[in-house]
Amino acid sequence: MTYKNENTKGITHLGNKDDRYIFDYNLDLLEKFENKHKGNDYFVKLNCPEFTSLCPITGQPDFATITISYVPDVYLVESKSLKLYLFSFRNHGDFHEDCVNIIMKDLISLMEPKYIEVWGKFLPRGGISIDPYCNYGKPGTDWLETAKKRMQMHDLSPEKIDNR
């Protein structure tokens, strides 16, 4: 059964049982669809607790929860395409900080959101966990100032960590 309509033009992954997981970073997996509520500012929060990538030096796997929060403008990211895209980092060798910035920049390029933040909460390796955070506010909007404020206040009240 197909649920295609005007808002789902260009979406190929959702409902496609023949999709294959790609094990190397692939930006082309991301898809978007039109925001039906362009007049409203609202947050979309995506929690991705099964992110994996590789250390670029040792090749050891890194595991993280990636949290993406954004305020859409014209487009939203389609969630299955995001899942496939994030899975494509599986054999990608990059530092934690690079991964979250690449994800954010790719999503900005795809959707041009009013605001977006990406937070990686990586499990410890060698006794240290690394939690990089990045954000972006669209120039010419109030969200640019929001991005600056959220960055300045980002970790002043860190959450309780009980899973690592």
Side-chain angles (χ1 to χ4, degrees), residues 1-53 62-122 131-155 159:
M1 180 176 271
T2 302
Y3 297 99
K4 300 285 182 186
N5 63 41
E6 243 350 86
N7 290 329
T8 60
K9 277 193 231 174
I11 293 178
T12 63
H13 298 298
L14 187 61
N16 184 347
K17 294 181 183 357
D18 296 325
D19 272 335
R20 296 183 186 200
Y21 286 96
I22 309 245
F23 293 91
D24 293 305
Y25 168 75
N26 189 338
L27 166 63
D28 295 332
L29 293 167
L30 285 173
E31 296 180 345
K32 63 188 176 184
F33 64 97
E34 192 170 335
N35 179 7
K36 292 183 188 179
H37 308 282
K38 293 180 200 81
N40 297 351
D41 281 351
Y42 60 98
F43 267 94
V44 176
K45 187 171 190 175
L46 303 159
N47 297 299
C48 315
E50 299 176 347
F51 180 82
T52 58
S53 61
D62 291 313
F63 303 92
T65 294
I66 301 291
T67 302
I68 301 163
S69 296
Y70 70 99
V71 177
D73 193 356
V74 177
Y75 298 104
L76 293 97
V77 65
E78 193 283 309
S79 61
K80 184 176 179 187
S81 78
L82 179 66
K83 176 180 79 167
L84 294 169
Y85 164 77
L86 291 174
F87 192 88
S88 80
F89 278 82
R90 176 62 189 96
N91 289 337
H92 180 73
D94 238 330
F95 292 114
H96 305 338
E97 299 85 353
D98 296 320
C99 289
V100 298
N101 277 281
I102 290 167
I103 292 165
M104 183 183 74
K105 288 176 182 178
D106 287 350
L107 290 171
I108 291 169
S109 177
L110 176 76
M111 301 183 295
E112 299 179 31
K114 294 176 184 177
Y115 175 82
I116 188 168
E117 58 189 35
V118 178
W119 193 351
K121 297 178 184 180
F122 286 81
D131 294 351
Y133 169 88
C134 56
N135 75 9
Y136 160 88
K138 189 179 245 183
T141 71
D142 292 341
W143 292 101
L144 179 60
E145 190 60 32
T146 299
K148 290 177 186 176
K149 288 178 185 175
R150 285 180 75 93
M151 182 60 77
Q152 291 167 346
M153 306 299 283
H154 165 67
D155 218 17
E159 81 281 6

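These numbers were taken from a predicted model, which means no experiment stands behind them. Count residues from 1 along the sequence.
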For Glu112, is there any backbone N or O sitting under 3.5 Å from a side-chain donor or acceptor partner on Lys138? yes

Looking only at atom types and distance, does a side-chain atom of Asn135 sit under 3.5 Å from a main-chain N or O of Ala147, one as donor and one as acceptor? yes

What's the spacing between [X] [atom1] and [Y] [atom2] if we round to 0.5 Å?
| X | Y | atom1 | atom2 | value |
| --- | --- | --- | --- | --- |
| Lys80 | Leu29 | NZ | CG | 11.0 Å |
| Ile103 | Ser53 | CD1 | OG | 8.5 Å |
| Phe51 | Lys83 | CZ | NZ | 15.5 Å |
| Glu78 | Leu76 | CD | CG | 10.5 Å |
| Phe87 | Glu50 | CZ | CD | 9.5 Å |
| Glu97 | Cys134 | CD | SG | 10.5 Å |

Distance only, no hydrogens: is a donor on one side chain within 3.5 Å (strictly under) of an acceptor on the other, for Glu117 and Tyr133? yes

Write down the atom of [X], the atom of [Y], and the distance for their closest heavy-atom approach.
| X | Y | value |
| --- | --- | --- |
| Pro113 | Ile108 | CD-CA, 3.8 Å |
| Tyr75 | Tyr70 | O-CE1, 4.4 Å |
| Leu110 | Glu31 | CD2-O, 3.7 Å |
| Lys114 | Asn40 | NZ-O, 4.3 Å |
| Lys121 | Asp131 | CA-OD1, 3.3 Å |

More than 12 heavy atoms of other residues, nucleotides or ligands under 6.0 Å from NZ of Lys149: is that the case? no

Assess whether atom CG of Asp98 is packed by more than 12 heavy atoms of other residues, nucleotides or ligands within 6.0 Å. yes

Hey, are the side chains of [X] and [Y] touching, using non-hydrogen atoms and a 4.5 Å cut-off?
| X | Y | value |
| --- | --- | --- |
| Leu46 | Val77 | yes |
| Tyr42 | Pro72 | yes |
| Asp62 | Phe95 | no |
| Met111 | Asp73 | no |
| Asp106 | Tyr85 | yes |
| Pro132 | Phe122 | yes |
| Thr67 | Asn47 | yes |
| Leu82 | Leu30 | yes |

Begin with the C-alpha distance, continue with both residues' side-chain angles, and end with the deciding distance and a verdict on side-chain contact (heavy atoms from CB on, under 4.5 Å) for Asn35 and Val74. CA-CA 5 Å; Asn35 179 7; Val74 177; 5.8 Å; no

Determine the interplanar angle of the Phe89 and Tyr25 rings, folded into 0 to 90°, and report it as parallel if under 30°, tilted if 30 to 60°, perpendicular if over 60°. perpendicular

